[in-house]
Every structure is written in structure tokens, then in C-alpha cells.
Student: 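My questions all concern the structure below.
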Amino acid sequence: MSNRTLIRGGLVVTAADEMHADVLVEDGRIAALAAHNSPVSQTWTAARTIDATNKYVLPGGVDAHTHMELPFGGTSASDTFETGTRAAAWGGTTTIIDFAVQSVGRALREGLDAWYAKADGNCAIDYGFHMILSDVNEQSLKEMDLLVEEGITSFKLFMAYPGVFYSDDGQILRAMQRSAVNGGLIMMHAENGIAIDVLVEQALAEGRTDPRYHGEVRKVLLEAEATHRAIQLARVAGAPLYVVHVSAEEAVAELATARDKGLPVFGETCPQYLFLSTDNLAEPDFEGAKYVCSTPLRPREHQAALWRGLRTNDLQVVSTDHCPFCFTGQKELGRGDFSKIPNGLPGVEHRMDLLHQAVVDGHISRRRWIEIACATPARMFGLYPKKGTIAPGADADIVIYDPHAEQTLSVRTHHMNVDYSAYEGRRITGQVETVLSRGDVVIDGRTFTGRAGHGVYTPRSTCQYLN
Ligand SMILES: [Zn+2]
């Protein structure tokens, strides 16, 4: 009884259903659901009862793409695992999957252990890891098998960033062939980085140095071309493919064509591509640097294709690619040379809210919101039904969400460790009120009651869409 919590009277929304139900939590898991005030739920007793009348009761968000403390461009992402996961909790996200990084010339094991150490004891919510492959060779291919068995079941490759994370087509093919055997899922940053670097050099030589040129040189066609090439390489290897941060209409079209052929090809987009555009990159006085990320923000016209892709399931997941850098001292490294602006945007706190706004605005349904933000990322990366739904036996990662609250996003009120908001002044209908992580209340009526170290490392099974 003392380890029981009862959530009464809310509208429980999952990817599959909506129902007015009472939810009984016991020992960190969901013990039972029953119709609100039914004879069954009326008998339930608990140490604490949360009144969710007129609220939504949602599975905690699963953000499958974050980069806490990522070293990049001579600096590091400004959110630590402690500050970033706390901000995630504030925004109704109860699981992140971050990226451990292999350094060139080093073992996967070394990179993974370094990321375990960074996160251990610091997280407010549960977390897992993908592995970034920066150096595909005989040794790292063998190590992939061991990592899959250990619960690191997805591997990110880059067709961009030559000299840093870049893999050539031969390395990509080898990694895909390996994943076809060991059950891993290849996640692809699909941009033609070799061609982009030529355009960067030419732009800088011609004095086009402002942040907006970051978007202009990273052309839509070079995203679409790389997406197409990644898909064909995956077909040759007989491997599934997950394309990260899809931003261009033409790239969505490549995914749609592949999926129409029945290929196991998946796509993710991010709130910044759905809500921001090249208009932001063009903001004067170097303000555009706040919006520099890769793939880049696109002209506003691309947004309709992304929303359509989310509705038609040509895109399946919305993650944040949270990778914050402060404007002062970090983004400023690129004054006079856009190629030196650290790539990344803060967003881990706002994904659930922005997507609720999309429900209010009519872009997606309420259940689709939960599907793309909770259930599908959990299934894609082997965490379902422990994460991503509200069902007996699932972890009690639960968000009490007030769909009628009004809020304004701002650097003055957010909890991410970064000195600006990419969504400054944006009004949102809906707000997270209370959050449970494995049954513990970590946000209580908009007060943080969690702690660093509550969150635990969560090993994953392989992609649940493939068997
Ligand atoms: Zn990323």
C-alpha cells in the first residue's frame, strides 16, 4: 500500500486507445487499469492518490535522439546528463536514448564506457545508448555484435562531417551487412558531406560567412541524394535502415518510395523542422546562429511534407536531436565563419508540448501524438512495452498533462542549461503537470521532486518492427 499510487479520473491516452480510466501503480510498475469509478477501481487503495480530472494521463515521452555533453567543434553541448535529463522530465519525457561516441582509431568499448561513466548516477530519468561508429573497421565490426548482446542495438553512421564522423560507402555497406546478421539497426545521418564541404569552402572564399549560408550550402538535393544512397546500400546489404532528422520534402519522398516497395526503412524528424525554418537562420546580428543544426532548417514550404509524412507513417518518430550550445561563448565561435558554429539546437524539454500544439492545430491526432513521441520510438529501439505505453506490467512512467493550460516558451522559464530558447515567445496550449518515473513522482504539480541518479541505464532489445 505504501508503494502504491492511484491516478484517478483522467483520460488515458496511448497510441492505441483513449479511455477514462483509473490507473493503479505498484512497485514502480503499472499494476492495473479500470474504468473510472468502476466497482473494481473503487476498491483500490493507495498511499497517494492523484486527481487527474480533466487531464490526460500519458505514457512518458521517449526521446530517441539526444546528445548530452557531446564534444563537438572544440566545445561541448551545454546540457550535462544531470541538467538535460531534468529538463526532459519537466517536459514529460521519461526516457532518452543518447549517443555514445567511438573516437577514430579507438574501440567502441572505450567510447561506450566513457558514456556510461558520464551518465552514471547523474540522470533524473531512465536512459539508453546508441553507438556512433566513427571508424568502421574489422575490429569495430566485431564489436558491434557484442554491443547488440549488451543492449546497445542501434548504430549511427554519418555520410556527413568528413574527417570527424564520416564513413564512406564501403564502410557503410560493411556496417549494414553486419547489422543484417547481428540484428542491429543502422541510423543514418544522410547528407552528402563531401559535396557540402566543397560548397562550404566556396561560400567562405566568396565572403558568404553569415549563419544563413549554413543552410544554403547544405542543400536539399544533397540530403535527398544521401537518403536515396543510404536506402540502396541498405537494400544491397539486406539490412533495415533508420534515417535520423529528416528535414527535406525530397528526402521524405525517398523514404516513401522505399516504404511503398515494402522495404524496412524508417524515418525520424524533429520539432525544429516542423516549427522553424530558414527565416530563423536568416535572423540578423548573428542571431541565426541559434538555429544552426544539421540537417539544416529548410524553407517553410517543407513543413507540410513533414506533417503529411507523420500522418501517413512515411515518418514514424519525432525526436529532438537535443544538442544545445550557448549563444554566448559557443555559437559565437562561428562569427565571421558559419562553418565554425557548433551544430545543434536545444529542445529536449519542448517536444511533448510542441507536438500537443500540433494536435491542437489539427496536424495530427491525439493518439498519433503518443505514437510518434512515445510508443513507436520505444518499439523502434527495443523498449516496448516497458516504455511507451500505459498497460499492466509496463514501467510506471506516466505524465499527467493539462491540455487546457496556456504557456509561453522562453529562456526565462525553461530548465535546459542554455542561454536562449529556439522557441522564444511561442505560445503553447497544454502543459505537463506531474510526472512519474518508475512510480516515483519526479515532477509534482510543476515542482521538480526527482533527483540525479534516480534514472537508470536501460538495455534494449533489437528493433521490434523487424520480427
Ligand atoms: Zn544527432
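Note that ligands are numbered from 1 as they come in the structure, with each ligand's atoms numbered from 1 the same way.
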Student: Not counting sequence neighbours, list each pair that qualifies as a side chain to side chain donor-acceptor pair (under 3.5 Å) and has a residue in residues 252-262.
Tutor: H228-E254
Student: Does a salt bridge link E223 with R298, judged by any charged N lying under 4.0 Å from a carboxylate O?
Tutor: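 Salt bridge present between E223 and R298.
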Student: Among residues at least two apart in sequence or on other chains, which ones pass side chain to side chain contact (heavy atoms under 4.5 Å, CB included) with P71?
Tutor: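 Checked P71 against side chain to side chain contact (heavy atoms under 4.5 Å, CB included); matches are S76, W115, K118.
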Student: With carbon and hydrogen excluded and only N/O/S kept, which atom of D321 is nearest the Zn ion (ligand 1)?
Tutor: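 Output for this pair reads OD1.
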Student: Are H130 and F381 close enough that their ring centers fall under 6.0 Å?
Tutor: yes
Student: State whether H189 contributes an N/O/S atom found under 2.8 Å from the Zn ion (ligand 1).
Tutor: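 Given the 2.8 Å cut-off, H189 does not count as a ligand of the Zn ion (ligand 1).
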Student: In degrees, rounded to 10 degrees, what angle do H67 atom NE2 and K156 atom NZ make at the Zn ion (ligand 1)?
Tutor: 100°
Student: Near the Zn ion (ligand 1), is there an N/O/S atom from C323 that is less than 2.8 Å away?
Tutor: no
